[in-house]
Amino acid sequence: MQVAVIGAGAAGLCAARHIMYSTANRATPTVFEKSNCIGGTWVFTPQTGKDERGEPVHSSMYLDLKTNLPKEVMAFPDFPFRNTDDSFLHHSKVLEYLEDYCRHYDLYKNIKFNTKIVNVEPIDKGGSGDVKENWNVQYKNMQTNEVHQDVFDAVLVCNGHYSEPRYPKIPGLEKFEGKVVHSHDFRYSQDFKDENIIILGAAASGTDIAVEISKHVNQVYLSHNNPLLPSKLPANVAQVRGIERCLSPNGFLLTDGSRVQCDSLILATGYNYDFPFLSEKCGISVENNQVKPLYKHFLNIEHPSMGLIGLCFRIMPCSFFDYQIRYFVKILMKEVDTPTKDEMYEDTEKEYNYRINTLGMREKDFHKMGDLQWDYNADIAKLANIQPLPPVIEKLYREVWSRRKIDLVQYKNDKYSIKDSDQFIVKHI
Ligand code: FAD
């Protein structure tokens, strides 16, 4: 079997690793990567907007970013980080780790660099929805602009989901004269030296940037409509309500009627899913931040020889990818039963009802995991007949989240080590 893997970030590398080593040579991956290196979002670049080839810059890293998960839970389950004592790492260490993974599993030889996927289309076999379907995959050589096409038996979409910024509508924003920067384009805190900044959005990126940038600026207003964060914050970070509209070249009206004056606006407002290379015939659509129709958030129900890896958020990405991919490979190799289309639709509807109607989650959070990831991981492990994650991983992750909740400023100084499959040790520095 020939499997096309789109993207050589963490997900695409993990896909190549399992296709190469978990199929007893019955399947071969070809990884298509539009840039000239592996690592995806972990490849820091000072560039923003378009690169020298006219391609949108992919990475969302800023210069001083440190991971928000400790390496002890961030690693792939079969490949711990090496050569570092710290738990929370600078982004360059994560790139080194992925390069190490790639070398260790000898994946480079299966990667076509500077090769952008431009179209993916199932070959019409009467819509059987078989896992042994064929796909036409068109790719462009970014150096010569030549377009080629090959046929594959399966496709794994690993193109990353933190590159297409979501911009909120802020009435009157055209009046604002300061910088307006989406977190995707945020690179250097120094660019905002001594300014008053408003950051819109207080999820992972918003809080992370607030703490980081506070070291260089005069005042940060962390603007959001969630319940106030209970965490300690730097003295010059104030939580304020969300932005109602822009009033003047440097002023915003907030949803509680108060006003703030600032020099720059940072939009930490998230990202949109984007699959510009999937033809309509793939049957995938995105509505209200939900990618449909998917079984277990990754398997294309209409064409189960296509998987879309890592769409979920609030997860431990590497092990999450690893479990989805191993299940996909087992389905492909017919080592586990593939549910029928009806069963997959029924399962997805049940999950939708549970999340939206029972738990009261918002439609746009359909792919959000958080506490739901443990049952999900266990479910995938059972379906794929693979070892579940050891209990220590969940315990450590929960500890980090509770630390982070109360101390966004210090939690990245903590050092963890895993003692055994059930226990970890923590040092608060
Ligand atoms: P990406 O890393 O985005 O890789 C996708 C690859 O696909 C890219 O190389 C891209 O060039 C390629 N590609 C896209 N389209 C095409 C095409 N048409 N043809 C060919 N190639 C294509 N996770 C953690 O575990 N811990 C953290 O601390 C953490 N911090 C983060 C901080 C930021 C600012 C961001 C943005 C993300 C963070 N993440 C973190 C999540 C991170 O996204 C995942 O850990 C993981 O690296 C995502 O891997 P990926 O392979 O899905 O996507």
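Just so it is clear, the values below take in all heavy atoms, side chains as well, and ignore hydrogens, waters and symmetry mates.
- Tested against K116 for a salt bridge (charged side-chain N to carboxylate O under 4.0 Å, His left out), the candidates E33, E55, E146 yield a single pass: E55.
- Under the 30°/60° scheme for interplanar angles, the aromatic rings of H303 and W135 are found to stand perpendicular.
- Between Y271 and H182, a ring centre-to-centre spacing shorter than 6.0 Å is recorded.
- Under the 4.0 Å criterion applied to side-chain N and carboxylate O atoms, R314 and D371 are not assigned as salt-bridge partners.
- Salt bridge status for D153 with R26: absent, with no side-chain N to carboxylate O gap under 4.0 Å.
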*Would D414 and K427 count as a salt bridge (charged side-chain N to carboxylate O under 4.0 Å, His left out) if you check the C-alpha gap in whole Å, the side-chain angles of each, and the deciding distance to 0.1 Å?*
CA-CA 6 Å; D414 295 347; K427 268 197 225 154; over 6 Å; no
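- Taking the six-membered ring for Trp and the full ring otherwise, Y97 and W42 have centroids separated by 6.0 Å or more.
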*Report the C-alpha distance between Y101 and Y105 in whole Å, list the side-chain angles of each, state the deciding distance to 0.1 Å, and finish with yes or no for ring pair (Phe, Tyr, Trp, His ring centres under 6.0 Å).*
CA-CA 6 Å; Y101 182 83; Y105 288 111; 5.1 Å; yes
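- Taking the six-membered ring where the residue is Trp, Y376 and F320 present parallel rings, their angle staying beneath 30° rather than reaching 60°.
- The aromatic rings of F32 and Y139 are tilted relative to each other, their planes meeting at an angle between 30° and 60°.
- Relative to the ring axis of F192, K179 places its NZ or CZ within 45° and under 6.0 Å from the centre.
- In this structure, N159 has no side-chain hydrogen bond (donor to acceptor under 3.5 Å, both in side chains) partners at least two apart in sequence or on a different chain.
- No hydrogens or angles considered: nothing links the side chains of D64 and S189 as a donor-acceptor pair under 3.5 Å.
- A centroid separation of less than 6.0 Å is found between the aromatic rings of H367 and Y273.
- For the residue pair E121 / Q138, no side-chain donor-acceptor distance below 3.5 Å is found, with atom types taken as modelled.
- With W401 as the aromatic partner, R404 meets the cation-pi criteria of under 6.0 angstrom to the ring centre and within 45 degrees of the ring axis.
- Considering CD of E335 and CZ of R326, their distance stands at 12.0 Å, rounded to 0.5 Å.
- A donor-acceptor pair shorter than 3.5 Å can be found between the side chains of E302 and Y345.
- The closest side-chain donor-acceptor pair between H18 and D322 falls under 3.5 angstrom.
- Taking CG of L229 as the reference point, atom NZ of K405 lies at 10.0 Å (rounded to 0.5 Å).
- In this structure, F366 has its ring center closer than 6.0 angstrom to the ring center of H297.
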